[in-house]
2 protein chains.
Amino acid sequence: MKHTIKDVAAYAGFSIATVSRAINAPHTVNRVTLAKIREAIEALQFSPSPLGRQLRGERTRLVGVVLPTLANPVFAECLQGIDELAAAQGYRLMLMTTQYDAARERHAIETLLAQRVEGLILTVADADTHPLLDELDHDGKLYVLMHNDTVRRPSVSVDNRRAAYDGVRMLIEHGHERVLMLAGTLAESDRARLRYRGYAEAMSQAGLTPAPALEVDFNADELAPSVLAHLTAGASRPTALFCSNDLLAMVVMRGLRRARFDVPGDMSILGFDGLSMGELLSPPLASIGTPNREIGCAAWRRLMARIEGADDGESLSLTLPHMLRKGATIAALSGASDAAKSAHPAA
Amino acid sequence: MKHTIKDVAAYAGFSIATVSRAINAPHTVNRVTLAKIREAIEALQFSPSPLGRQLRGERTRLVGVVLPTLANPVFAECLQGIDELAAAQGYRLMLMTTQYDAARERHAIETLLAQRVEGLILTVADADTHPLLDELDHDGKLYVLMHNDTVRRPSVSVDNRRAAYDGVRMLIEHGHERVLMLAGTLAESDRARLRYRGYAEAMSQAGLTPAPALEVDFNADELAPSVLAHLTAGASRPTALFCSNDLLAMVVMRGLRRARFDVPGDMSILGFDGLSMGELLSPPLASIGTPNREIGCAAWRRLMARIEGADDGESLSLTLPHMLRKGATIAALSGASDAAKSAHPAA
DNA sequence: GTGAAAGCGCTAACAC
DNA sequence: GTGTTAGCGCTTTCAC
């Protein structure tokens with residue numbers, strides 16, 4: 001732990017150069033010499049300091065990870081996947097979170113590069129318009145985006161537009177015509193936009209009119225009265241909600257329930273993320289699941305491929321399959337035209 | 001980004017030593033010189049490489065974080081707290097997870113030390129018996145434990161025994177006499193032990209007989225039949241469950257419900273962790289909450305104090321308050337003796 | 001097959 | 001105030 005390569009050299013009776021070789025290119029060293037040096041290493045409990053290596057300029061075995069937050073299990077799960085592979089391959093991870101803030105994104109990336117990470121795995125607010133990513137490309141810095149759904153850059157994601165489309169279609173197939181999309185407040189991410197597009201397309205294609213997404217602050221303890229009114233009042237109230245993420249869906253579900261609205265009796269709800277916790281709700285939350293762990297792992301493999309120069313120039317962006325998790329929060333709308341169905345709670 | 005201190009020195013027309021001083025001790029440098037150097041730094045977009053500094057042996061501004069897993073939001077939240085402060089103070093975080101595996105714990109700590117982190121923040125499986133921690137103490141390596149509830153080492157935690165005691169007492173005050181504790185499978189942690197002690201004490205003190213903790217695999221999709229039987233069959237079945245963590249509580253809740261058991265009608269449930277998601281369940285999960293973010297922040301401050309040598313030798317372990325989150329999963333047992341109440345579902 | 005020596009980017013004595 | 005120099009721990013020519 002505190003011995004240096006010099007100590008080993010002295011102990012074994014060779015030069016530090018030979019010790020270095022014994023470690024990094026054993027086959028270039030005499031068998032006997034090698035044995036002696038290994039013995040010395042063993043005796044001294046020596047382990048080469050990464051710092052010397054790093055400074056020397058070659059491989060740092062460091063990878064930077066930049067995430068919006070860990071409060072959302074989606075990202076924690078991705079990170080878990082990354083960490084697993086990184087540990088197995090002897091890489092060290094440097095982590096920074098950004099809270100979806102562009103300035104912090106920039107700062108994180110610069111800090112990490114200064115530390116000479118070999119590559120970056122990141123989730124940014126908006127990948128397409130991020131000038132910093134262009135700089136990275138230009139400077140030959142290696143990175144892979146995670147969850148950023150763009151074809152312009154190396155990325156691993158699900159097809160957000162398609163996933164939303166599939167989900168909303170399912171709602172429509174259950175007989176819902178007035179489907180509303182709910183989005184979080186800091187929704188101006190590439191993902192949010194694509195999910196809205198998927199929603200709009202599914203609606204249009206079914207001859208229905210997409211409504212603008214309704215913004216909901218899902219950190220608040222209660223649903224805002226205006227929002228609640230929007231959801232529950234009037235004959236034209238929506239019968240199904242497509243929520244841009246599961247946390248939001250859960251909050252809305254609670255809010256509706258407090259307002260004595262039954263889910264799914266009075267309102268069907270579909271989330272996005274497929275948080276495992278959603279399945280523990282009652283009724284279990286229907287959701288569009290993303291394979292987060294796998295996304296993390298795939299991003300890692302992708303980055304390693306780039307680092308090792310083995311990047312099969314294949315399509316830049318890798319799209320992993322999403323899965324429609326059918327939950328009991330979606331009910332079929334009774335065949336009867338329900339235009340008259342007003343907003344009185346059932347159970 | 002790619003310029004070195006030499007470039008700055010050349011550009012400004014001074015030696016690298018002066019440039020270094022201009023950066024690290026500006027007041028020791030002539031005003032004019034300083035201005036010129038700053039100009040050069042600006043022009044070259046120079047930012048000193050952490051690696052040189054790190055190797056030189058002084059401050060690395062690196063802190064290592066070792067966590068069991070990120071799949072449990074408890075730890076993700078702690079990490080979030082740490083990251084916040086670290087970022088604000090210009091520290092970089094190096095993260096490794098262990099899956100509660102002692103070998104991985106050791107490996108993580110050694111890897112991090114080799115990287116010359118200034119300190120470590122860790123959650124280990126069992127703090128008391130961990131020889132590695134003794135080594136750290138002995139070698140003067142700075143660390144702070146998080147969530148490890150021990151008085152023998154620097155740590156930030158809640159009083160697990162007391163928290164469990166309070167929770168179980170609440171159950172008893174609601175009239176429950178047959179209270180069973182459920183624990184996860186890899187429960188051999190210091191926390192688990194203390195929670196069991198709290199449970200046992202609350203029971204004994206009320207003249208009740210503590211039962212051995214029942215082990216439940218909460219990664220399985222279904223509750224094991226044997227477990228379910230234990231919970232629901234017989235006249236002596238428990239009327240309340242104290243679960244050693246919220247994830248477990250949620251799984252059990254679902255399992256019971258599938259078996260057409262009503263919560264809290266037929267069974268009261270109390271969790272541990274206070275995951276915010278638990279509040280979104282219906283009924284909202286009663287739980288003993290731990291201030292995870294705060295625990296992370298406190299651990300950070302504590303570590304910084306130690307690093308700066310300002311550790312007010314105060315008591316080693318800092319105990320943060322837990323909070324009893326009353327949820328609707330706990331019902332009062334009707335005054336009547338319920339010995340005869342058998343296992344048929346209510347609503 | 002092995003050793004001497006240079007140097008990665010920086011800080012800290014020690015001179016001047 | 002500023003420059004010179006040594007060296008942190010390592011890898012890597014380049015000789016031998």
Side-chain angles (χ1 to χ4, degrees), chain A residues 1-38 40-41 44-62 90 92 110-118, chain B residues 1-38 40-41 44-62 90 92 110-118:
Chain A
M1 219 92 124
K2 44 207 275 247
H3 284 293
T4 95
I5 198 172
K6 277 190 191 163
D7 301 322
V8 178
Y11 187 103
F14 292 90
S15 73
I16 61 168
T18 304
V19 174
S20 177
R21 272 184 228 110
I23 294 168
N24 302 296
H27 54 280
T28 68
V29 171
N30 183 299
R31 300 182 65 83
V32 204
T33 309
L34 186 56
K36 282 185 188 160
I37 291 180
R38 292 213 161 130
I41 289 177
L44 264 34
Q45 291 271 55
F46 169 76
S47 143
S49 157
L51 284 114
R53 292 182 157 165
Q54 283 162 196
L55 183 54
R56 195 57 181 71
E58 313 312 315
R59 316 201 52 179
T60 58
R61 297 232 145 210
L62 242 37
R92 288 168 290 282
E110 284 172 351
T111 303
L112 262 14
L113 286 178
Q115 191 75 42
R116 273 250 262 301
V117 294
E118 292 184 25
Chain B
M1 216 89 128
K2 44 205 275 248
H3 284 292
T4 93
I5 198 173
K6 276 189 191 163
D7 301 321
V8 178
Y11 187 104
F14 292 90
S15 73
I16 59 167
T18 305
V19 174
S20 178
R21 271 183 227 113
I23 294 169
N24 302 297
H27 55 278
T28 67
V29 172
N30 183 299
R31 299 181 66 81
V32 209
T33 309
L34 185 56
K36 282 186 187 159
I37 291 180
R38 291 211 162 134
I41 289 178
L44 265 35
Q45 290 272 54
F46 169 76
S47 142
S49 158
L51 284 113
R53 293 183 156 163
Q54 284 163 17
L55 182 54
R56 194 59 184 73
E58 314 309 314
R59 312 201 55 179
T60 60
R61 298 233 144 207
L62 241 37
R92 288 168 290 280
E110 283 173 351
T111 301
L112 262 14
L113 287 178
Q115 191 75 41
R116 273 248 261 299
V117 295
E118 292 183 24

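Keep in mind that what you see is a predicted model, and the values were worked out from it rather than measured. We name chains A, B, ... by the order of the sequence lines, and we start the count at 1 in each one.
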Practice task
Could you state the atom-to-atom distance from CG of Leu44(B) to P of dG9(C) in whole Å?
Solution key: 14 Å
Exercise for the section: Round to a whole Å and report the spacing from CD1 of Ile41(B) to C1' of dG9(C). Expected result: 14 Å
Problem - Nearest-Å distance for atom pair CG/P, residues Leu55(A) and dG7(D) - result: 16 Å
Problem - N/O donor-acceptor pair under 3.5 Å between Arg116(B) side chain and Leu55(B) backbone - result: yes
Completion exercise
In terms of heavy-atom contacts, Lys36(B) and Phe14(B) come closest through CD-CE1, 4.0 Å
Problem - Non-hydrogen side-chain atoms of Ser20(B) and Ile23(B) separated by less than 4.5 Å - result: no
Problem - Pro50(B) backbone acceptor or donor facing Gln115(A) side chain under 3.5 Å - result: no
Handout entry: Asn24(A) vs Arg53(A) side-chain heavy atoms within contact, under 4.5 Å
Key = yes
Could you list all N or O pairs between the protein and nucleotides 10-13 of chain D that sit under 3.5 Å apart?
from: dC10(D); atom 1: OP1; to: Ser49(A); atom 2: N; distance (Å): 2.6
from: dC10(D); atom 1: OP2; to: Ile5(A); atom 2: N; distance (Å): 2.5
from: dT11(D); atom 1: OP1; to: Asn24(A); atom 2: OD1; distance (Å): 3.3
from: dT11(D); atom 1: OP1; to: Asn24(A); atom 2: ND2; distance (Å): 3.0
from: dT11(D); atom 1: OP1; to: Arg53(A); atom 2: NE; distance (Å): 2.6
from: dT11(D); atom 1: OP1; to: Arg53(A); atom 2: NH2; distance (Å): 3.2
from: dT11(D); atom 1: OP2; to: Ser20(A); atom 2: OG; distance (Å): 2.8
from: dT11(D); atom 1: OP2; to: Asn24(A); atom 2: ND2; distance (Å): 3.3
from: dT11(D); atom 1: O2; to: Arg56(A); atom 2: NE; distance (Å): 2.8
from: dT11(D); atom 1: O2; to: Arg56(A); atom 2: NH2; distance (Å): 2.8
from: dT12(D); atom 1: O4'; to: Arg56(A); atom 2: NH2; distance (Å): 3.3

Problem - Note, Leu44(B) side chain near Tyr11(B) side chain (heavy atom, < 4.5 Å) - result: yes
Handout entry: Atom-pair distance (CD1 on Ile37(A); P on dG3(C)), nearest Å
Key = 8 Å
Exercise for the section: Find the distance Lys36(A):NZ to dG3(C):P and express it as a whole number of Å. Expected result: 10 Å
